[in-house]
Every structure is written in C-alpha cells, then in structure tokens.
Amino acid sequence: QVQLVESGGGLVQAGGSLRLSCAASGRTFSRYDMGWYRQAPGKEREFVAVTSWSGGSTSYADSVKGRFTISRDNAKNTLYLQMNNLKPEDTAIYYCNAGKILNAVFSNYVPGYWGQGTQVTVSS
C-alpha cells in the first residue's frame, strides 16, 4: 500500500506557472507507474498525465500537451507536475495516483491509490 499527499496548488493568473508535488510513503513508490488527474466543478475526473515507474516514458492529455510536464524522483518518493502557461480551464482539484500501465500501453493505465487532491485556481 502507498499513501499519497499532494501539495503546491494555489491561485495563479492566466499565463502563470505552478509546480505540484505528490509525496508518497512507503518503500514501494518506484514499483508504481504514476499519474495526475483533475476534476473541475460539475465535471468528471479526467486524466492529465502519466509516467512509467522509471520516469523514462510519459504521456499527456491533449489539453495539456506542451504546457505540462510530469516527472518523478524515486529517491525522494515524489511525483511532480510542472504546469506552465496556465489557462482558466485548468482550474480544478488535482489528484496524484499510483497505478499500473498494462501491456506498456499508456491508454491502459489503471489507477490505484489516490491522494486527497490539491486545488488549482487560474484567474483570467
């Protein structure tokens, strides 16, 4: 089992940047593929980005491609999401997740453990 705690959310103007962190407990962090999801008010939770257990492979939702970067530091048991050129439509609660990419296909990512989320608000 792994416990996840997100941080780094806040209020930022459109065009600004934020860096989210997700600290994981336990010794098994490096065994998990990791993802970021978000949920805007009145909408379903949606996929944002995923990285393989090594950090060597990544995949992004089209809506954030070129603006967001997912990375991880297995020595620090921490997952990151660098968000640049933020837009009001990026406003949401952001959740990190520890899961598994099946058959090395990113679209087959199966979410597992969830953090409690961190609020990101982008003003226009």
Side-chain angles (χ1 to χ4, degrees):
Q1 187 172 355
V2 61
Q3 293 182 328
L4 305 171
V5 179
E6 301 95 334
S7 62
L11 174 64
V12 64
Q13 290 188 332
S17 298
L18 282 174
R19 188 193 196 199
L20 306 183
S21 297
C22 173
S25 64
R27 303 179 183 178
T28 60
F29 176 74
S30 62
R31 297 182 184 178
Y32 291 93
D33 303 311
M34 298 292 295
W36 285 100
Y37 285 71
R38 66 187 182 185
Q39 187 167 16
K43 296 187 177 181
E44 294 186 353
R45 191 172 298 189
E46 66 175 2
F47 166 79
V48 174
V50 63
T51 180
S52 61
W53 65 271
S54 67
S57 298
T58 58
S59 183
Y60 298 89
D62 288 342
S63 59
V64 306
K65 201 172 295 183
R67 300 187 298 122
F68 290 11
T69 302
I70 187 171
S71 63
R72 66 191 295 165
D73 186 336
N74 287 344
K76 295 182 178 180
N77 282 7
T78 304
L79 176 73
Y80 303 100
L81 185 68
Q82 177 67 42
M83 305 186 294
N84 298 328
N85 191 22
L86 283 160
K87 304 176 180 180
E89 51 264 42
D90 295 319
T91 295
I93 299 174
Y94 283 72
Y95 300 89
C96 69
N97 181 273
K100 181 66 178 177
I101 299 169
L102 300 179
N103 301 319
V105 177
F106 281 113
S107 59
N108 290 342
Y109 178 74
V110 178
Y113 300 102
W114 294 93
Q116 85 291 345
T118 185
Q119 176 71 48
V120 171
T121 303
V122 184
S123 63
S124 58

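All heavy atoms count here, side chains included; hydrogens, waters and symmetry mates do not. Quick note: residue numbers are just sequence positions, from 1.
A distance of 8.0 Å separates CZ of F68 from CG of L20, quoted to the nearest 0.5 Å. Taking CD from Q39 and CD from Q119, the interatomic distance works out to 11.0 Å, rounded to the nearest 0.5 Å. Annotation: the span from F29 atom CZ to M34 atom CE amounts to 4.5 Å, rounded to 0.5 Å. Atom CG of N77 and atom CD of Q3 lie 12.5 Å apart (nearest 0.5 Å). Taking CD from Q13 and CG from L86, the interatomic distance works out to 11.5 Å, rounded to the nearest 0.5 Å. C96 SG to I70 CD1: the interatomic distance, rounded to the nearest 0.5 Å, is 9.5 Å.
Nearest heavy atoms, L79 versus T51: CD1-CG2, 3.8 Å. The nearest pair of heavy atoms linking A92 to A40 is CB-N, 3.8 Å. Counting all heavy atoms, side chain and backbone alike, S57 lies closest to F106 at CB-CZ, 3.4 Å. Nearest heavy atom pair, residue Q82 against residue S17, reads NE2-CB, 4.0 Å. I93 and G117 make their closest contact through CG2-CA, 3.8 Å (heavy atoms, listed as atom of the first residue, atom of the second, distance). Of all heavy-atom pairs between L4 and A98, the closest is CD1-N, 3.7 Å.
Y80 and V120 sit in two unconnected hydrophobic clusters of ILVMFWY residues. Membership requires side-chain heavy atoms under 4.5 Å apart, directly or through other members. Cluster annotation: V64 is not connected to Y95 through the hydrophobic network of ILVMFWY side chains, with a link wherever side-chain heavy atoms come within less than 4.5 Å. Two different hydrophobic clusters hold V48 and W114 under the rule that ILVMFWY side chains link at heavy-atom gaps under 4.5 Å. Two different hydrophobic clusters hold M83 and V50 under the rule that ILVMFWY side chains link at heavy-atom gaps under 4.5 Å.
By the ring-ring contact (aromatic ring centres under 6.0 Å, His included) test, F47 pairs with Y37, sequence neighbours left out.
Look at K87 and D90 and you find no salt bridge, because none of the NZ, NE, NH1 or NH2 atoms lies under 4.0 Å from a carboxylate O.
Remark: the backbone N or O of W53 is paired with a side-chain donor or acceptor of D33 at under 3.5 angstrom. Looking at S124, its side chain never comes within 3.5 Å of a backbone N or O of P88 through a donor-acceptor pair. Side-chain N or O atoms of R72 include none that pairs as donor or acceptor with a backbone N or O of G55 at under 3.5 Å. Between the T91 side chain and the V122 main chain, a donor and an acceptor come within less than 3.5 Å of each other. With Y32 contributing its side chain and N97 its backbone, the two residues share no donor-acceptor pair below 3.5 Å.
When the shell of 6.0 Å around NZ of K65 is examined, it contains more than 12 heavy atoms from other residues, nucleotides or ligands.
Contact annotation: the side chain of Y94 never approaches that of E6 to less than 4.5 Å [non-hydrogen atoms, C-beta and beyond]. No side-chain heavy atom of S21 sits less than 4.5 Å from a side-chain heavy atom of K76.
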